[in-house]
Amino acid sequence: MATDPPYDGTIFLDREIITAADPTAFLSVTDAGQAERSMFDRRLDDFKNFNAYLFNAKFDDGLAAEIQVNPEFGSSDAARIQAQKYGAVIGKLPTALRTQVKTVWIHQGERLFGGANNNLLSHSATKTRAPGKDN
């Protein structure tokens with residue numbers, strides 16, 4: 001039995017399934033202060049505790065998530081910009097794909113998106129991969 005996918009890049013269906021022109025369910029973020037959170041950072045390839053900037057994101061379909069922003073952004077204002085940016089993008093995902101998202105981690109740097117454990121992970125200069133490429 002073959003263990004490789006039937007074709008290269010099976011996780012990539014179409015780069016334009018979600019576009020900048022699509023509507024978003026994102027409504028707002030509200031500041032929730034700063035507190036210690038364990039966040040995975042791809043630059044470290046490990047979990048680390050951060051005194052993260054916290055924001056409560058609300059979506060028009062009743063879903064919500066805590067957005068945790070690495071303090072390396074330097075201020076709650078700079079962190080809020082990231083929380084709003086990624087909240088709007090996450091809101092473009094269909095409700096069914098967001099029902100289990102409880103937290104979002106945002107770091108600086110250029111690394112691939114990720115997600116697991118009811119979480120979405122992004123780095124602010126996130127790399128994307130073209131189908132079939134290992135760049």
Side-chain angles (χ1 to χ4, degrees):
M1 175 183 239
T3 58
D4 292 332
Y7 53 92
D8 194 30
T10 57
I11 64 167
F12 300 97
L13 300 175
D14 185 335
R15 288 177 175 254
E16 295 186 12
I17 287 177
I18 298 172
T19 69
D22 290 335
T24 182
F26 175 72
L27 293 174
S28 65
V29 293
T30 55
D31 291 26
Q34 268 187 278
E36 189 169 304
R37 294 292 190 267
S38 178
M39 301 164 62
F40 190 83
D41 187 333
R42 285 191 188 271
R43 297 168 299 178
L44 306 171
D45 199 26
D46 202 0
F47 283 89
K48 181 179 175 186
N49 289 334
F50 294 95
N51 186 29
Y53 293 106
L54 305 176
F55 301 91
N56 295 317
K58 292 185 180 181
F59 300 90
D60 68 10
D61 51 15
L63 297 178
E66 181 179 76
I67 300 179
Q68 303 166 4
V69 182
N70 191 311
E72 68 192 338
F73 284 92
S75 71
S76 61
D77 289 339
R80 185 180 312 99
I81 290 168
Q82 297 301 313
Q84 290 170 332
K85 173 184 173 180
Y86 287 97
V89 172
I90 291 165
K92 293 175 181 282
L93 295 170
T95 299
L97 296 179
R98 289 183 291 106
T99 58
Q100 300 300 310
V101 175
K102 304 300 178 205
T103 57
V104 176
W105 299 325
I106 303 172
H107 302 284
Q108 290 182 350
E110 186 177 339
R111 296 292 187 272
L112 295 173
F113 285 103
N117 304 314
N118 304 98
N119 176 274
L120 296 175
L121 163 67
S122 183
H123 289 263
S124 60
T126 297
K127 290 171 65 170
T128 58
R129 274 193 230 184
K133 304 288 182 190
D134 284 333
N135 53 343

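Note that these values count all heavy atoms, side chains included, but never hydrogens, waters or copies made by symmetry. Fair warning: this is a prediction, and the values are worked out from it, not measured in the lab.
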On a heavy-atom basis, which atom in Ala52 and which in Pro71 lie closest, and how many Å separate them? CA-CD, 4.2 Å

Where the side chain of Glu72 meets the backbone of Gln108, is there a donor-acceptor pair that is under 3.5 Å apart? yes

Value for CD (Gln100) from CG (Leu120), rounded to nearest 0.5 Å, stands at 11.5 Å

If you measure from CG on Leu63 to NZ on Lys58, what distance do you get to the nearest 0.5 Å? 13.0 Å

Interatomic distance, CZ@Arg111 vs OG@Ser122, rounded to 0.5 Å, equals 12.5 Å

Tyr86 side, atom OH; Phe113 side, atom CZ - distance, nearest 0.5 Å: 5.5 Å

Qualifying residues under side-chain contact (heavy atoms from CB on, under 4.5 Å), relative to Asp77, sequence neighbours excluded: Ser75, Arg80

Which heavy atom of Asp61 sits nearest a heavy atom of Ala25, and at what distance? OD2-CB, 4.2 Å

Smallest heavy-atom separation, Ala57 atom then Ile67 atom, equals CB-CD1, 3.8 Å

Distance-minimising heavy-atom pair for Asn56 and Ala32: ND2-CB, 3.7 Å

Write down the atom of Val101, the atom of Leu97, and the distance for their closest heavy-atom approach. CG2-O, 4.0 Å

Check whether any side-chain heavy atom of Phe73 lies under 4.5 Å from a side-chain heavy atom of Ile106, and answer yes or no. yes

Under the ring pair (Phe, Tyr, Trp, His ring centres under 6.0 Å) rule, collect the residues that match up with Phe50, sequence neighbours excluded. His107

Is the backbone of Leu93 close enough, under 3.5 Å, to the side chain of Arg98 for a donor and an acceptor to pair up by distance? yes

Nearest heavy-atom approach of His123 to Leu112 is CD2-O, 4.4 Å

Kindly indicate, with the supporting measurements, whether the criterion side-chain contact (heavy atoms from CB on, under 4.5 Å) is fulfilled by Phe55 and Thr30. CA-CA 5 Å; Phe55 301 91; Thr30 55; over 6 Å; no

Check the surroundings of atom NZ in Lys48: do more than 12 heavy atoms from other residues, nucleotides or ligands lie under 6.0 Å from it? no

ILVMFWY network linking Leu27 to Val29, side-chain heavy atoms under 4.5 angstrom: no

Stepwise, does the side-chain contact (heavy atoms from CB on, under 4.5 Å) test hold for Asp60 with Phe26? CA-CA 6 Å; Asp60 68 10; Phe26 175 72; over 6 Å; no

Between the side chain of Asn117 and the main-chain N/O of Asn119, is any donor-acceptor distance below 3.5 Å? no

Going through the distances and angles, do Phe59 and Ile90 end up as a side-chain contact (heavy atoms from CB on, under 4.5 Å)? CA-CA 10 Å; Phe59 300 90; Ile90 291 165; 4.2 Å; yes

Within a 6.0 Å radius of atom NZ on Lys92, are there more than 12 heavy atoms belonging to other residues, nucleotides or ligands? yes

Please list, chain by chain and in numerical order, all residues satisfying salt bridge (charged side-chain N to carboxylate O under 4.0 Å, His left out) with Arg42, sequence neighbours excluded. none

